[in-house]
Protein chains: 2
Amino acid sequence: MDDVAALRRFNRAYTQRIGVLDDSYLGTGRPLGPSRFLFEIGTQTWGVLGLRRRLGLDSGYVSRMLRQLESEGLAVVEADPNDGRQRTVRLTPAGRREWRRLDQRAERLAQRLVAPLSDRQRDELDTALATAERLIRAATTQFDAVDPRSADARWAMDQYFAELDRRFSDGFDPTGVYDTDAAALRAPTGAFVVLRSDHETLGCGGVQRVDDATSEIKRMWIRADWRGAGLGRRLLEHLERVAREHGRSRVVLDTNGSLTEAISMYGRMGYQTIERYNDNPYAQHWFAKDL
Amino acid sequence: MDDVAALRRFNRAYTQRIGVLDDSYLGTGRPLGPSRFLFEIGTQTWGVLGLRRRLGLDSGYVSRMLRQLESEGLAVVEADPNDGRQRTVRLTPAGRREWRRLDQRAERLAQRLVAPLSDRQRDELDTALATAERLIRAATTQFDAVDPRSADARWAMDQYFAELDRRFSDGFDPTGVYDTDAAALRAPTGAFVVLRSDHETLGCGGVQRVDDATSEIKRMWIRADWRGAGLGRRLLEHLERVAREHGRSRVVLDTNGSLTEAISMYGRMGYQTIERYNDNPYAQHWFAKDL
DNA sequence: GCACATCGCTGACTAAGGTCAGAGATCGTG
DNA sequence: CACGATCTCTGACCTTAGTCAGCGATGTGC
């Protein structure tokens, strides 16, 4: 298996050198942990719980770091107005200054690192790293089952509907679909998943029951700037797997003629054109696949 | 300066995920330090001093780690036969087994990471990472002034002479040049530098005095598999800088007609053809540049 | 053969980074 | 309003990773 040799070679070469970027946290008179944490807070107000989950840190450890940042006047921790158990954190002006300092340190280190390269080489490096980042993020994108009424699901669906509205010749009217979806795209007979990378939502999709043997795939959407990274294929495979887990032997879906990329993907993935099976006014093509 | 935005974005995306590759050292029932050290020893016999320098570790810390590896029967530490103060270390069969285990762990982690990608995407990732690795290593290559009689210098010159022998139509006879170079390419009137990346030597080059106003550039060589990464240009600039530091206002050099890449680089770098200035039997072109 | 440098080892020490259990406050549900 | 669940915080504790000074053995230059 030489598949991953390049990855491993790169990793060894990289961590030794660019690990230096993390050293930008050093020499700030503050240990690495709190520095990194401060940097992660950045300019937003975060729920402490979410931040902790994202960084995978222990509750006690985070609490102590917050006390330290507070005592240095860099951050303020307040109760979450919606949930008195949770707390939120944001940087004070002094904290933001410190954040900028760290940011500039990292910037300078990065610049010093590429300084010996020619302009053309720097462009080449930019391109290579952007490509690698995209692929690595695509590879590590998570498919999370969520409630269709959750904030993430709602956001993704809104993006999806907005795009439909732009692309369909007569626009798209989402009236009523939230409620329908909320009921249909849930366990035990349905599901809704969002694609997540870092704290970004990259896409969504759902399945719902048609009859005991059949599920319908709905609301499949990938963010425009993430298309072509293979996420659509993997999402479709994922939803088919979910349908199988629901005991179905067949999936169906409908689509509008303007969604050409989607239509060609369905073809590649083994979907066959079938007769109209519903009265969706926006649908112009109907597909099915045996699982 | 958006120059380094891609680098920084990549770094954030990468370290969070591929940092996982370093976690392959974890769960071995041994702390990270000794594991990493064991892996670094690998299949060779190393001088403890060299290993320590390479990894930048404290003498006491290393000593303790060696005692631990010894007590677990993974490594043997012996006196260096050439220097009773120094010690050497190598892995026992059990140590090599442990090394293979770590290697396989990292391999599996890397494979799992890229598993969701299609074959085409994996190829794309390989290419992007190989490009990035090459550029990053090129950018961080060190130019170290060394004695021309040192082992590294000797190795690089041997490579260089072997290549000349292959490329010159009548071959190349290095008899006597080692002694001449040993005298000429040294402080205070000369210099010899080797290009290093990790523990590899990627190239070499030297300058020697011609007269108080003039230095000659000699033995410029870049490893064949590292050409095109801009190292030649940087080496030439480096040697010109050294000549300036020696108070020279002009550099000269000679070359053989078969070294076409070198000749075109001299042209790009502002060198002008001049008359024969020496009786080097292999030289067919002579160049000069005012500093 | 002497002075001095170098190398490895040991003991003593430290900071960083983190884990764990339990207490107290608050929320959601019936 | 009672009950269990959830979140934060604190105190106690631990390992890891590393530093530093000094000692003894060995090498190098004169």
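Small disclaimer: the values here were computed from a predicted structure and weren't measured. Convention: sequence-line order gives letters A, B, ...; per-chain numbering from 1.
- At whole-Å resolution of the value, CD in B:Q86 and P in C:dG8 are 6 Å apart.
- Separation of the B:F161 and B:Y178 ring centroids falls under the 6.0 Å cut-off.
- The side chain of A:V77 has D:dC9 as its nearest neighbour among C:dG8, D:dC9, D:dA17.
- Across the interface with DNA chain C, nearest-nucleotide mapping of A:G84 and A:G33 shows A:G33 to be the residue nearer the 5′ end.
- In this entry the distance linking CZ of B:R87 with C1' of C:dC9 reads 9 Å, nearest Å.
- Exactly one residue among B:V89, B:L57, B:L66, B:T88 makes a side-chain contact (heavy atoms from CB on, under 4.5 Å) with B:L51. That residue is B:V89.
- With rounding to whole Å, A:D83 atom CG is found 10 Å from C:dG28 atom C1'.
- One can place CG of A:D80 at 19 Å from P of C:dA25, the figure rounded to the nearest angstrom.
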Task: Step-by-step salt bridge (charged side-chain N to carboxylate O under 4.0 Å, His left out) determination, A:D181 to A:K218 - done: CA-CA 9 Å; A:D181 283 358; A:K218 307 272 290 182; 5.4 Å; no

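- The side chain of A:R85 has C:dC27 as its nearest neighbour among C:dC27, D:dT8, C:dG17.
- For the pair B:E98 and B:R30, the minimum side-chain heavy-atom distance is below 4.5 Å.
- A:N82 has its CG atom 14 Å from the C1' atom of C:dT26, to the nearest Å.
- Defined by atom type and a distance below 3.5 Å, a donor-acceptor pair is present between the side-chain atoms of A:S215 and A:R248.
- Rounded to whole Å, atom C1' of C:dA16 lies 11 Å from atom CZ of A:R36.
- Spacing between atom CZ of B:R30 and atom C1' of D:dT15 amounts to 16 Å, rounded to whole angstrom units.
- Between the CG atom of B:L32 and the P atom of C:dG17 there is a distance of 14 Å, rounded to whole Å.
- Across residues 44-75 of chain B, B:D58, B:Y61, B:R64 each have a non-hydrogen atom less than 4.0 Å from an atom of DNA chain D (numbered order).
- The aromatic rings of A:W221 and A:W155 sit perpendicular to each other, their planes meeting at more than 60°, with 30° as the lower class boundary.
- Between the side chains of A:S63 and A:R67, at least one donor N or O lies within less than 3.5 Å of an accepting N or O.
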